[in-house]
Amino acid sequence: MADTQRQRLEAREDAILAAATTVFSESGVDGARMAEIARRADVAEGTVYLYYKNKHELLEAVVDRFWRELTKGAIAAISEGASVSQQLHELASYHLQSLIDDFKIVEITSRARMRHGEPGRQLPQIREYVQAFDAIMQRGIDLREFSADTAIWQIRDVFYGTLEHSARTLVLRDQGFDPSVIDHLMRLFEQYRPSSQADNPSGLDASEIMQALSRIETKLSQS
């Protein structure tokens, strides 16, 4: 019985959060009304206040839910055992598509961060989310695919900042996902590779390069 009651309470809260996410996206924070959120969640307005004492507390719960779900999606989008470059490409693709799909919620996140006059404040959920990037980069450093002195926090800012700016541009232009954004971003990572790898961005070793050149020469001589 207790488990059933808890599940019912959790389901009601999920419904409230889903409704709030939609209303905040459509009306913005200032335009959102608790009565409308309650209507869409199919609960009484007083029920919403049993879970959240005011709209700002509900806003923070929506932001928390959004970024936690985003984190789960990012982890699922990264192929375990794939190369560092492939994992970065997968994370970048996932993040750009997510920003395009839910850009209004991302803007709401910015509003939540500025609630206390702290525009640079990084919410705990966002810190958790970006750890996926940090882990990939650290793996690249450990495998010596990136220079040991690479400042992960700096390239992280470049990574997410580029994607957020590009997503905003695509949304404003009413365009969808553009793979060229990811291709251009990946090229920026070449400067963080050791010089020997930077000269050989394909990742092939010397013997493989010689074999490839030999095949090309053979094909040219036959033509």
Side-chain angles (χ1 to χ4, degrees), residues 25 63 66-67 69-111 113 119-123 125-206 208-209 212-213 216:
S25 296
V63 169
F66 171 74
W67 284 97
E69 290 300 316
L70 204 66
T71 300
K72 292 179 183 177
I75 294 172
I78 300 170
S79 299
E80 186 177 355
S83 67
V84 172
S85 295
Q86 180 63 28
Q87 288 183 338
L88 286 171
H89 194 285
E90 290 170 344
L91 179 59
S93 298
Y94 170 80
H95 189 64
L96 179 61
Q97 187 65 68
S98 297
L99 289 178
I100 294 171
D101 292 343
D102 297 296
F103 197 76
K104 289 184 178 180
I105 297 298
V106 176
E107 291 184 319
I108 287 173
T109 296
S110 298
R111 174 69 179 269
R113 293 167 69 185
R121 175 175 173 241
Q122 191 177 60
L123 299 174
Q125 312 93 302
I126 300 178
R127 288 199 298 271
E128 182 179 350
Y129 177 70
V130 301
Q131 284 175 2
F133 173 84
D134 292 3
I136 295 173
M137 284 300 300
Q138 188 59 57
R139 177 171 172 247
I141 292 173
D142 294 341
L143 292 174
R144 299 184 180 179
E145 294 186 25
F146 293 108
S147 300
D149 60 353
T150 299
I152 294 179
W153 70 270
Q154 289 181 332
I155 194 171
R156 181 206 305 139
D157 286 349
V158 172
F159 182 84
Y160 287 112
T162 298
L163 293 171
E164 183 172 343
H165 179 79
S166 298
R168 180 178 290 107
T169 299
L170 291 171
V171 169
L172 291 175
R173 292 178 178 176
D174 198 24
Q175 295 177 241
F177 181 89
D178 184 349
S180 68
V181 171
I182 310 301
D183 294 336
H184 292 151
L185 178 59
M186 291 300 98
R187 293 193 188 104
L188 296 177
F189 281 80
E190 295 305 317
Q191 64 183 300
Y192 296 97
R193 297 186 182 276
S195 56
S196 59
Q197 291 190 29
D199 294 336
N200 176 23
S202 66
L204 299 175
D205 61 29
E208 290 173 315
I209 293 174
L213 288 174
I216 293 172

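Keep in mind it's a predicted model, so treat the numbers as computed, not measured.
Relative ring orientation between Tyr129 and Tyr94 is described as tilted, the plane-to-plane angle lying within the 30° to 60° band.
Side-chain atoms of Glu190 do not come within 3.5 Å of backbone N or O of Arg187 as any donor-acceptor pair. The backbone N or O of Ser79 lies less than 3.5 Å from no partner atom in the side chain of Gln86, so there is not a single donor-acceptor pair.
Applying the salt bridge (Lys or Arg N to Asp or Glu O under 4.0 Å) test to Lys72 and every residue at least two apart in sequence or in another chain returns Glu69. Residues forming a ring pair (Phe, Tyr, Trp, His ring centres under 6.0 Å) with Phe189 (at least two apart in sequence, or on another chain): none. By the ring pair (Phe, Tyr, Trp, His ring centres under 6.0 Å) test, Phe133 is found to be paired with Phe159, Tyr160, residues two or more places apart in sequence or in another chain being considered. Scanning for salt bridge (Lys or Arg N to Asp or Glu O under 4.0 Å) contacts around Arg168 gives Glu164, with sequence neighbours left out. In terms of the salt bridge (Lys or Arg N to Asp or Glu O under 4.0 Å) criterion, Asp157 has no residue partners (sequence neighbours excluded).
Remark: Met137 CE to Ile155 CD1 distance equals 4.0 Å, nearest 0.5 Å. Taken to the nearest 0.5 Å, the CZ atom of Phe146 stands 10.5 Å off from the CZ atom of Arg139. Between atom CD1 of residue Ile136 and atom CD of residue Gln87 there is a gap of 5.0 Å, rounded to the nearest 0.5 Å. Note: Leu96 CG to Leu91 CG = 11.0 Å, rounded to the nearest 0.5 Å. The line from CG of Leu185 to CG of Leu88 is 8.5 Å long, rounded to the nearest 0.5 Å.
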Check residues 174-181 and write down every donor-acceptor pair under 3.5 Å in which the side-chain atom is one partner and the other belongs to a residue at least two apart or another chain.
from   : atom 1 : to     : atom 2 : distance (Å)
Asp178 : OD1    : Ser180 : N      : 3.0
Asp178 : OD1    : Ser180 : OG     : 2.7
Asp178 : OD2    : Ser180 : OG     : 3.1

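In summary, the side chains of Gln97 and Asp101 do present a donor paired with an acceptor at a separation below 3.5 Å, with no hydrogens or angles considered.
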